[in-house]
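Take a look at the structure set out below.
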Amino acid sequence: MSHHPEADMADDIKEFSGAKVLVCDPAGPTVATPQDALDLIGAAFAGAEIVAVPAERMDDDFFDLSTRFAGEVMQKFVNYHLKLAVVGDISRHLEASSALRALVAESNASHHIWFLADLEALDTRLRATA
């Protein structure tokens, strides 16, 4: 399967409630390694302060806390002073893991990592914190 970046809706920096957000294309590559997370961080350096990644682009390992992958990815965003918003329906993962439910609740109470239903929820969240 060849990938033609010019043919799809590439990741794009958009403004939400005064904040610059790198909105990642749902069809883009899966975030499955720490390097994938760094690639998104690098893309955000073009001027975004928040990276909104569709939940379906996060490898299942991200939602399986025993892999520690989520912690690793989240730490990278914190280290680079970027916010991460995982956007989309993660109910299937939440049903499978009380640890993940606790992490999501804790993250959503923080200022760095958010799990949100959609970009509208992100906009609402940014308006509330602006």
Side-chain angles (χ1 to χ4, degrees):
M1 185 180 108
S2 68
H3 184 69
H4 299 288
E6 63 282 351
D8 58 27
M9 171 212 119
D11 301 351
D12 197 17
I13 294 179
K14 297 188 165 76
E15 194 161 311
F16 287 81
S17 301
K20 297 235 185 302
V21 179
L22 178 68
V23 177
C24 298
D25 178 1
T30 302
V31 178
T33 68
Q35 184 56 51
D36 297 334
L38 288 171
D39 290 346
L40 290 176
I41 288 167
F45 272 33
E49 52 205 285
I50 301 164
V51 179
V53 183
E56 63 266 29
R57 276 187 61 182
M58 301 309 273
D59 190 83
D60 279 352
D61 278 357
F62 182 83
F63 299 104
D64 176 358
L65 298 188
S66 67
T67 66
R68 306 231 163 128
F69 181 51
E72 210 172 335
V73 169
M74 291 159 77
Q75 190 57 53
K76 290 200 185 317
F77 277 87
V78 171
N79 290 351
Y80 286 94
H81 306 289
L82 284 168
K83 295 181 170 87
L84 170 64
V86 176
V87 179
D89 180 9
I90 61 166
S91 51
R92 145 178 98 86
H93 300 292
L94 292 172
E95 282 159 20
S97 166
S98 59
L100 181 65
R101 286 196 295 275
L103 174 79
V104 166
E106 190 182 311
S107 294
N108 282 348
S110 80
H111 297 294
H112 305 293
I113 317 281
W114 299 332
F115 292 84
L116 301 165
D118 51 34
L119 291 171
E120 202 174 306
L122 175 61
D123 194 41
T124 301
R125 180 85 197 236
L126 291 167
R127 265 204 308 276
T129 56

What is the distance from atom [atom1] of [X] to atom [atom2] of [Y], rounded to the nearest 0.5 Å?
X: Ile13; Y: Glu49; atom1: CD1; atom2: CD; value: 10.0 Å
X: Ile113; Y: Met74; atom1: CD1; atom2: CE; value: 4.5 Å
X: Ile41; Y: Gln35; atom1: CD1; atom2: CD; value: 9.5 Å
X: Leu103; Y: Asn108; atom1: CG; atom2: CG; value: 9.0 Å
X: Phe115; Y: Leu94; atom1: CZ; atom2: CG; value: 8.5 Å
X: Leu122; Y: Lys14; atom1: CG; atom2: NZ; value: 12.0 Å

- Task: Return yes if a side-chain donor-acceptor contact under 3.5 Å exists between Asp123 and Ser17, otherwise no.
- Result: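 Side-chain D/A pair, Asp123 to Ser17: present.
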
Check for me, please, whether [X] and [Y] land in the same ILVMFWY cluster - side-chain distances under 4.5 Å, paths through other members count.
X: Val23; Y: Phe45; answer: no
X: Ile50; Y: Tyr80; answer: no
X: Phe77; Y: Phe69; answer: yes

- Message: If you count heavy atoms of other groups shown closer than 6.0 angstrom to CD of Glu106, is the number above 12?
- Response: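 For Glu106, atom CD is not crowded (no more than 12 foreign heavy atoms under 6.0 Å).
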
Is the closest side-chain heavy-atom distance between [X] and [Y] below 4.5 Å?
X: Leu84; Y: Lys76; answer: no
X: Phe63; Y: Met58; answer: yes
X: Thr124; Y: Arg127; answer: yes
X: Asp64; Y: Ser97; answer: no
X: Leu22; Y: Leu82; answer: no

For the student: nearest non-hydrogen atoms of [X] and [Y], plus distance:
X: Val31; Y: Ala37; answer: CG1-N, 4.1 Å
X: Leu119; Y: Val87; answer: N-CG1, 3.7 Å
X: Arg125; Y: Trp114; answer: NH2-NE1, 3.2 Å
X: Pro54; Y: Pro26; answer: CG-CA, 3.6 Å
X: Ala48; Y: Val21; answer: CB-C, 4.1 Å
X: Lys20; Y: Gly47; answer: CB-O, 3.3 Å

Excluding sequence neighbours, so at least two apart, what forms salt bridge (charged side-chain N to carboxylate O under 4.0 Å, His left out) with [X]?
X: Glu120; answer: none
X: Asp61; answer: none
X: Arg101; answer: none

- Under the side chain to side chain contact (heavy atoms under 4.5 Å, CB included) criterion, do His93 and Asp60 qualify, and how do the steps go? CA-CA 8 Å; His93 300 292; Asp60 279 352; 3.3 Å; yes

- Item | Candidate list Asp39, Asp11, Asp36, test salt bridge (charged side-chain N to carboxylate O under 4.0 Å, His left out), partner Arg57, passing option |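 Answer after filtering Asp39, Asp11, Asp36: Asp11.
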
- Task: I would like to know whether Val104 and Ile90 meet side chain to side chain contact (heavy atoms under 4.5 Å, CB included); could you show each step before the answer?
- Result: CA-CA 10 Å; Val104 166; Ile90 61 166; 4.0 Å; yes

- Item | Phe62 vs Val86, side chain to side chain contact (heavy atoms under 4.5 Å, CB included): CA-CA, chis, key distance, verdict | CA-CA 11 Å; Phe62 182 83; Val86 176; 4.1 Å; yes

